[in-house]
Q: 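Questions regarding the structure given below will be posed in turn.
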Amino acid sequence: MPTESTPGDEAALVGAVLDYFEGWFEGDAARMERALHPELAKRSIGQLSSDSERLETITKRQMVDATAAGEGRRRDPGDRRIEVVVEHMSGTIANVTVRSAVYVEYLQLVHTRDGWRIVNALWRYA
């Protein structure tokens, strides 16, 4: 397996991340579905509750359902600049940092037979 990324790999990674972010803000559940691994674990510390010690976890199904319900459209800041930095890639795994007007996320992706999918996400509000 290759240990260094190619321009095609990096473009595909960025495409998966943009499906995730843009799909969220556009309410496009199909894009969100395409971006996420079935075993997604999206986590934050106290973002969804007042308990700053509690680890909140969101599943793929919850993300796709929230996207379809327009939750991301309600949080769309109008500023759609999304900075995607592929930090490291080794064969079929990668780390990506994403910054937007609303969120900062650290993503881990895995390459499956269907392409790059987000398997882990750690996030906070920007």
Side-chain angles (χ1 to χ4, degrees):
M1 261 183 221
T3 58
E4 294 193 28
S5 62
T6 68
D9 289 326
E10 288 197 27
L13 279 168
V14 171
V17 170
L18 292 178
D19 276 344
Y20 173 65
F21 267 79
E22 292 173 353
W24 175 247
F25 289 131
E26 294 168 3
D28 188 335
R31 286 185 80 181
M32 182 62 69
E33 178 90 30
R34 182 171 60 229
L36 302 178
H37 189 277
E39 298 298 323
L40 171 76
K42 180 173 174 149
R43 296 186 171 104
S44 65
I45 296 290
Q47 297 290 337
L48 304 177
S49 71
S50 61
D51 183 353
S52 64
E53 296 298 314
R54 184 164 182 232
L55 185 64
E56 306 280 347
T57 302
I58 300 170
T59 66
K60 177 181 180 176
R61 179 63 11 220
Q62 289 169 312
M63 278 301 297
V64 171
D65 290 348
T67 301
E71 190 66 32
R73 282 195 305 267
R74 287 188 281 283
R75 294 197 174 129
D76 186 345
D79 179 353
R80 287 291 190 87
R81 285 177 294 175
I82 300 169
E83 176 189 355
V84 179
V85 179
V86 177
E87 302 288 349
H88 186 76
M89 189 173 126
S90 180
T92 59
I93 61 173
N95 276 329
V96 176
T97 299
V98 187
R99 292 175 187 85
S100 74
V102 182
Y103 307 104
V104 174
E105 296 203 33
Y106 301 120
L107 305 176
Q108 294 178 320
L109 293 90
V110 63
H111 192 270
T112 70
R113 73 179 133 231
D114 297 320
W116 288 98
R117 300 293 183 261
I118 299 166
V119 68
N120 291 312
L122 182 62
W123 71 278
R124 71 169 180 84
Y125 288 110

Q: Please tell me whether L122 and V110 are part of a single hydrophobic cluster in this structure, the criterion being side-chain heavy atoms less than 4.5 Å apart.
A: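 As far as the 4.5 Å side-chain criterion goes, V110 and L122 are not connected within one cluster.
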Q: Atom CZ of residue position R74 - does it have more than 12 heavy atoms of other residues, nucleotides or ligands inside 6.0 Å?
A: yes
Q: Quick check: is V14 connected to M32 through a chain of hydrophobic side chains (ILVMFWY, heavy atoms under 4.5 Å apart)?
A: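 Yes; V14 is reachable from M32 via cluster members.
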Q: Take L36 and Y20 through the test side-chain contact (heavy atoms from CB on, under 4.5 Å) and record every step on the way to the result.
A: CA-CA 8 Å; L36 302 178; Y20 173 65; 3.8 Å; yes
Q: Does one hydrophobic cluster hold both I58 and V64, with members joined at side-chain heavy-atom distances below 4.5 Å?
A: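 Yes, it is one cluster - the side chains of I58 and V64 are joined through contacts under 4.5 Å.
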Q: What are the two closest heavy atoms between I118 and A16, and how far apart are they?
A: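 Result for this residue pair: CD1-O, 4.4 Å.
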Q: Step by step, would you call Q62 with E71 a side-chain contact (heavy atoms from CB on, under 4.5 Å)?
A: CA-CA 11 Å; Q62 289 169 312; E71 190 66 32; over 6 Å; no
Q: Angle between ring planes, H111 versus W116, binned at 30° and 60°: parallel, tilted or perpendicular?
A: perpendicular
Q: Would a 4.5 Å heavy-atom cut-off, applied to side chains only, mark Y103 and V98 as touching?
A: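 A side-chain contact under 4.5 Å is absent here.
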Q: Please determine if E56 and R54 form a salt bridge, counting it only when a charged side-chain N lies under 4.0 Å from a carboxylate O.
A: yes
Q: Say you draw a straight line from OG1 of T59 to CD of E39; how long is it, rounded to the nearest 0.5 Å?
A: 10.0 Å
Q: Counting only N and O atoms by type, is there a donor-acceptor contact under 3.5 Å from the side chain of R117 to the main-chain atoms of R34?
A: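 Looks like yes, one N/O pair under 3.5 Å.
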Q: Output the distance between atom CD (E26) and atom OG1 (T67), rounded to the nearest 0.5 Å.
A: 11.0 Å
Q: Might you point out which heavy atoms bring A126 and S100 nearest each other, and give the distance in Å?
A: CB-O, 3.7 Å
Q: Calculate, to the nearest 0.5 Å, the distance between atoms CG and CG belonging to L107 and L13 respectively.
A: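 Spacing of CG (L107) from CG (L13) equals 10.0 Å.
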Q: Could you tell me the separation between the CG atom of L55 and the CD1 atom of I45, rounded to the nearest 0.5 Å?
A: 4.5 Å
Q: Would K60 and E33 pass as an ion pair if we require N to O under 4.0 Å?
A: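 Answer for the salt bridge query: yes.
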Q: Would you say L18 ends up clustered with M89 if hydrophobic residues are merged whenever their side chains have heavy atoms under 4.5 Å apart, either directly or through other cluster members?
A: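 Yes, same cluster.
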Q: Between V102 and Y125, does the side-chain contact (heavy atoms from CB on, under 4.5 Å) criterion hold? Intermediate values first, please.
A: CA-CA 6 Å; V102 182; Y125 288 110; 4.2 Å; yes
Q: Can you get from V119 to V96 by hopping between Ile, Leu, Val, Met, Phe, Trp and Tyr side chains that sit under 4.5 Å apart?
A: no
Q: Tell me, do R73 and F25 make a side-chain contact under 4.5 Å, heavy atoms counted?
A: no
Q: Decide yes or no for W24 and M63: does some side-chain heavy atom of the first lie under 4.5 Å from some side-chain heavy atom of the second?
A: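 Counting from C-beta outward, W24 and M63 do come under 4.5 Å.
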Q: Which residues satisfy the side-chain hydrogen bond (donor to acceptor under 3.5 Å, both in side chains) test with E22, sequence neighbours excluded?
A: R31
Q: Can you confirm whether the side chains of N120 and Q108 place a donor and an acceptor under 3.5 Å from each other?
A: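 Present: a donor and an acceptor within the cut-off.
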